[in-house]
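The figures that follow rest on heavy atoms only: side chains count, while hydrogens, waters and symmetry mates do not. Letters A, B, ... are given to chains in the order of the sequence lines, protein chains preceding strands, and every chain is numbered from 1.
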Amino acid sequence: MSFVTRFPPSPTGFMHVGNARTAIFNYLYARANKGKFVVRIEDTDRKRHSEEAVAAILDGLQWLGLDYDGEITSQFARLDRHTEIAKEMIAKGQAYYCYCSPAELEEMREKARAEGSNLFYDRRWRDADPENSPKDIKPVIRIKAPIDGKTTITDHVQGEVTVSNEQLDDFIILRSDGTPTYMLSVVVDDHDMGITHILRGDDHLNNTFRQKIIFDAMGWDVPEFAHLPLIHGADGAKFSKRHGAQSVQEFREQGYLPEALFNYLLRLGWSHGDDEVISRSDAIQWFNLNTIGKAAAKFDFAKLENLNAHYINECDNDRLIKLATAFYQERHAITPDEIAVNRIIAGIDELKSRAKTLHQFVDESVFYAKKIPLSFDEKASATLEGANDILSALKTRFEALDTLTSDNVQQACKDIAADIADGKMGKVAMPLRAALTGTTVSPSIFHAAEILGKDETCMRIQAALNR
RNA sequence: GUCCCGUUCGUCUAGAGGCCUAGGACACCGGAUUUUCAUUCCGGCAACACGGGUUCGACUCCCGUACGGGAUACCA
């Protein structure tokens with residue numbers, strides 16, 4: 001059996017995490033079964049369409065490493081084909097022209113509401129004689145939905161779902177302006193593109209019954225379905241901007257690594273026993289539809305952050321520096337020069353183990369790239385207050401050494417603490433930290449002094465004394 | 001309103017009738033390590049929505065209730 005899955009975003013200008021997860025699942029399902037994963041842009045709504053919007057989608061796919069097969073299909077470009085199918089259904093008596101005016105429709109809607117009914121169109125043109133059609137109204141094409149009986153779909157996540165056909169309207173497949181509706185386009189495209197498995201959001205479950213009518217009318221094979229539970233914000237409402245971030249590009253801007261988002265989104269709604277950290281290759285090997293959860297999941301930034309910390313720790317050094325570069329500029333208006341980069345790399349193990357996001361990594365390593373005189377934050381200034389004796393002692397001591405090492409710097413601090421700070425290391429190490437970094441939070445200051453080197457360290461101490 | 005779907009620790013989840021004294025992860029709270037903040041390591045708190053069945057036995061199956069979500073367009 002062949003497997004073809006699809007990702008059919010409408011170009012909205014960014015990639016929502018919900019869409020990203022759908023894309024990940026489709027990608028994995030295809031890769032897990034040696035099938036194809038194709039992309040189709042649902043751009044029939046020309047008002048919303050733009051090249052930048054398409055680029056944003058592709059950018060999101062690329063960032064997440066979801067490589068697709070073949071060319072991207074544009075739904076808009078296939079308009080003629082969709083129209084042709086609608087006409088074909090008319091010819092076969094499976095669809096019909098409906099000449100209702102907006103006013104008539106509104107009236108029916110009103111009536112249905114009063115009756116508490118789900119559907120409103122009374123099928124008045126279904127069997128009417130086209131001879132009687134009003135000449136001043138451009139008709140739409142409606143499908144002849146089954147009138148009685150039941151329709152059941154077997155969903156890989158939701159199981160068997162049955163709906164009484166009375167609930168299914170004769171919905172519109174071709175608008176009065178001759179353009180196809182989503183319901184038609186999606187079915188025709190899925191069929192023509194040979195899609196075998198449709199994994200999409202739960203919000204489409206109800207549409208599936210309508211789409212099945214079209215597949216059946218055309219005598220086409222109905223694909224397999226898997227409707228994924230939706231992603232909610234912490235408050236249980238639909239996940240959106242106000243929950244912190246909603247597009248993958250926002251997560252990127254906030255300093256998350258793609259593999260972290262990938263892993264997090266994969267685990268949201270899908271599981272493999274107790275496994276939490278799942279590599280892409282394991283995911284491809286393990287992914288299946290059986291262990292997709294049925295309930296909507298709340299997005300938890302803390303867990304994402306935890307995974308992000310893990311992946312930063314595992315990240316290749318060169319790649320990490322590269323990823324961080326833009327953030328040094330953005331957050332501190334600094335572009336680390338070669339010397340700075342070498343220092344950062346020398347201290348990268350500690351830096352990595354501390355950072356939960358690229359923002360933190362950059363903020364905690366930027367002192368390596370700063371130039372004298374450093375600016376001191378509030379706490380650092382307070383720490384430096386009255387510490388001149390200690391700073392001077394430190395400087396004198398360092399100047400007497402050939403080179404600074406983590407060990408000899410620590411020893412120096414220890415000795416000075418014993419001499420003039422009641423033996424309290426903190427009284428010596430903290431001013432040193434403030435002098436070297438401009439802050440009160442940093443990795444090991446002994447190691448930092450070694451990395452900065454004797455000259456730079458002494459200059460920074462002098463600058464702190466001169467402040 | 002109507003139709004459809006869902007409901008295990010705060011969160012993501014494991015669980016396919018006895019393996020469950022309900023497991024893991026994140027978060028949280030302690031403690032150890034530490035010059036700060038983190039990391040790391042130990043330990044702790046914490047859940048089967050409710051009510052009826054079925055069964056020797058139910059988190060697991062059935063029905064109902066409650067709550068939550070989705071769909072109800074000439075949007076996708």
**Complete:** Residues at least two apart in sequence or cross-chain that pass salt bridge (Lys or Arg N to Asp or Glu O under 4.0 Å) with A:Arg40, listed by chain then number, are A:Glu42, A:Asp189, A:Asp190
**A:Asp363 CG to B:U36 P, straight-line distance once rounded to whole Å** = 21 Å
**Distance in angstrom units between A:Lys150 NZ and B:C3 C1', rounded** = 12 Å
**Request:** Please list, chain by chain and in numerical order, all residues satisfying salt bridge (Lys or Arg N to Asp or Glu O under 4.0 Å) with A:Arg433, sequence neighbours excluded.
**Result:** none
**Item:** Separation of atom CD in A:Gln211 from atom P in B:U72, rounded to whole Å
**Value:** 12 Å
**Pairwise C1' distance for B:A66 and B:G30, with rounding to whole Å** = 38 Å
**Fill in**
Sorted by chain and residue number, the salt bridge (Lys or Arg N to Asp or Glu O under 4.0 Å) partners of A:Lys111 (sequence neighbours excluded) come out as A:Glu115
**Asked** So do A:Ile390 and A:Lys395 actually touch side chain to side chain, heavy atoms under 4.5 Å?
**Response** no
**Message:** Short of 4.0 Å, heavy atom to strand atom, which residues of residues 412-429 of chain A count as contacting RNA chain B?
**Reply:** A:Met425, A:Gly426, A:Ala429
**Message:** Side-chain N or O of A:Thr291 versus OP1/OP2 of B:A14: is the shortest distance under 4.0 Å?
**Reply:** no
**Asked** Taking protein heavy atoms under 4.0 Å as touching, what does nucleotides 60-69 of chain B look like 5' to 3' if B marks base contact, S marks sugar-phosphate-only contact and - marks none?
**Response** ---------S
**Complete:** Any strand, both distances under 3.5 Å, Watson-Crick or G-U wobble: B:U34 pairs with none
**Request:** Using salt bridge (Lys or Arg N to Asp or Glu O under 4.0 Å) as the criterion, list what pairs up with A:Asp155, not counting sequence neighbours.
**Result:** none
**Request:** Tell me which of A:Asn290 and A:Pro9 sits closer to the 5' end of RNA chain B, going by the nucleotide each one is nearest to.
**Result:** A:Asn290
**Prompt:** Between A:Arg142 and A:Tyr121, is NZ or CZ placed under 6.0 angstrom from the six-membered ring centre and within 45° of the ring axis?
**Reply:** yes
**Request:** Please collect all salt bridge (Lys or Arg N to Asp or Glu O under 4.0 Å) contacts where either partner lies in residues 10-26 of chain A, sequence neighbours excluded, each pair once.
**Result:** none
**Request:** Confirm from the modelled atom types if A:Ser176 and B:C74 form a donor-acceptor pair under 3.5 Å, side chain to base only.
**Result:** yes
**Item:** Residues A:Arg397, A:Asp415: salt bridge by 4.0 Å N-O rule
**Value:** yes
**Residues forming a side-chain hydrogen bond (donor to acceptor under 3.5 Å, both in side chains) with A:Asn263, sequence neighbours excluded** = A:Tyr311
**Request:** Determine the Euclidean distance between corresponding P atoms of B:U54 and B:C62; express it in Å to zero decimal places.
**Result:** 15 Å
**Prompt:** Just how far, in rounded Å, is P of B:A73 from CD of A:Glu106?
**Reply:** 10 Å
**Fill in**
5'-most contact on RNA chain B (nearest-nucleotide basis), A:Gly273 vs A:Ala112, goes to A:Ala112
**Asked** Rounded to whole angstrom units, what separation is found between the CG atom of A:Asp300 and the P atom of B:C12?
**Response** 8 Å
**Message:** Is the terminal nitrogen or CZ of A:Arg109 (NZ for Lys, CZ for Arg) located under 6.0 angstrom from the six-membered ring centre of A:Phe120 and within 45° of that ring's axis?
**Reply:** yes
**Asked** In terms of side-chain geometry, is the basic nitrogen of A:Arg124 or A:Glu104 positioned less than 4.0 Å from the acidic oxygen of its partner?
**Response** yes
**Asked** Looking only at N and O atoms, is any donor in the side chain of A:Asn207 or the base of B:A76 less than 3.5 Å from an acceptor on the other one?
**Response** yes
**Request:** Answer yes or no: does a side-chain N or O of A:Arg109 lie under 4.0 Å from OP1 or OP2 of B:A73?
**Result:** yes
Going by atom type alone, with no hydrogens or angles, which donor-acceptor pairs under 3.5 Å involve a side-chain atom of residues 167-174 of chain A and a protein atom two or more places apart or on another chain?
{"residue": "A:Gln167", "atom": "OE1", "partner": "A:Asn118", "partner atom": "ND2", "Å": "3.4"}
{"residue": "A:Asp170", "atom": "OD1", "partner": "A:Arg123", "partner atom": "NE", "Å": "3.0"}
{"residue": "A:Asp170", "atom": "OD1", "partner": "A:Arg123", "partner atom": "NH2", "Å": "3.2"}
{"residue": "A:Asp170", "atom": "OD1", "partner": "A:Arg126", "partner atom": "NH1", "Å": "3.0"}
{"residue": "A:Asp170", "atom": "OD1", "partner": "A:Ala145", "partner atom": "N", "Å": "2.9"}
{"residue": "A:Asp170", "atom": "OD2", "partner": "A:Tyr96", "partner atom": "OH", "Å": "2.6"}
{"residue": "A:Asp170", "atom": "OD2", "partner": "A:Arg123", "partner atom": "NE", "Å": "3.1"}
{"residue": "A:Asp170", "atom": "OD2", "partner": "A:Arg126", "partner atom": "NH1", "Å": "3.2"}

**Request:** Could you work out which one of B:C74, B:A71, B:C26 sits closest to the side chain of A:Asn306?
**Result:** B:C26
**Request:** Considering only atom P, compute the distance from B:C20 to B:A38 and round it to an integer number of Å.
**Result:** 37 Å
**Request:** State whether the distance check finds a donor on one side and an acceptor on the other, under 3.5 Å, for side chain A:Asp274 versus base B:G23.
**Result:** yes
**Item:** hbond_proxy A:Glu276 side chain to B:G24 base (donor-acceptor, 3.5 Å cutoff)
**Value:** yes
**Complete:** Per the under-4.0 Å heavy-atom filter, residues of residues 442-452 of chain A near RNA chain B come out as A:Ser442, A:Pro443, A:Ser444, A:Ile445, A:Phe446
**Message:** What's A:Val140 touching, base or sugar-phosphate or nothing? Going by heavy atoms closer than 4.0 Å.
**Reply:** base
Review item, side-chain donor-acceptor pairs of residues 295-302 of chain A, under 3.5 Å, at least two apart:
{"residue": "A:Asp300", "atom": "OD1", "partner": "A:Ala302", "partner atom": "N", "Å": "3.1"}

**Message:** Can you classify the ring geometry of A:Phe225 versus A:His227 as parallel (below 30°), tilted (30 to 60°) or perpendicular (above 60°)?
**Reply:** parallel
**Request:** Can you tell me the distance, in whole Å, between the CG atom of A:Leu184 and the C1' atom of B:A76?
**Result:** 14 Å
**Donor-acceptor side-chain pairing of A:Asp377 and A:Thr439 below 3.5 angstrom** = no
**Message:** In terms of relative ring orientation, are A:Tyr328 and A:Phe361 parallel, tilted or perpendicular, with 30° and 60° separating the classes?
**Reply:** perpendicular
**Message:** Less than 4.0 angstrom between a side-chain N/O of A:Lys303 and OP1 or OP2 of B:U11, yes or no?
**Reply:** no
**Message:** Quick check for you: among B:A76, B:U7, B:A71, whose closest atom lies nearest to any side-chain atom of A:Lys294?
**Reply:** B:U7
**Item:** Candidate nucleotides B:A76, B:A73, B:C3, ranked by approach to the side chain of A:Val163 - the nearest
**Value:** B:C3
**Item:** Of the listed nucleotides B:A27, B:U35, B:G70, the one nearest the side chain of A:Met430
**Value:** B:U35
**Message:** Can you tell me which nucleotide in B:U11, B:A76, B:G6 comes closest to the side chain of A:Gln158?
**Reply:** B:G6
**Asked** Base, sugar-phosphate, or nothing: which does A:Thr440 touch, judged by heavy atoms less than 4.0 Å apart?
**Response** base
**Asked** Closest to the A:Ala295 side chain: B:U35, B:C12, B:U7?
**Response** B:U7
Atom pairs under 3.5 Å, N or O on each side, protein against nucleotides 39-46 of chain B: can you list them with distances?
none

**Request:** Determine the contact category for A:Gly293: base if any of its heavy atoms lies under 4.0 Å from a base atom, sugar-phosphate if only primed atoms, P, OP1 or OP2 are that close, otherwise nothing.
**Result:** nothing
**Message:** Say we look at B:C19 and B:G57: how far apart would their C1' atoms be, to the nearest angstrom?
**Reply:** 14 Å
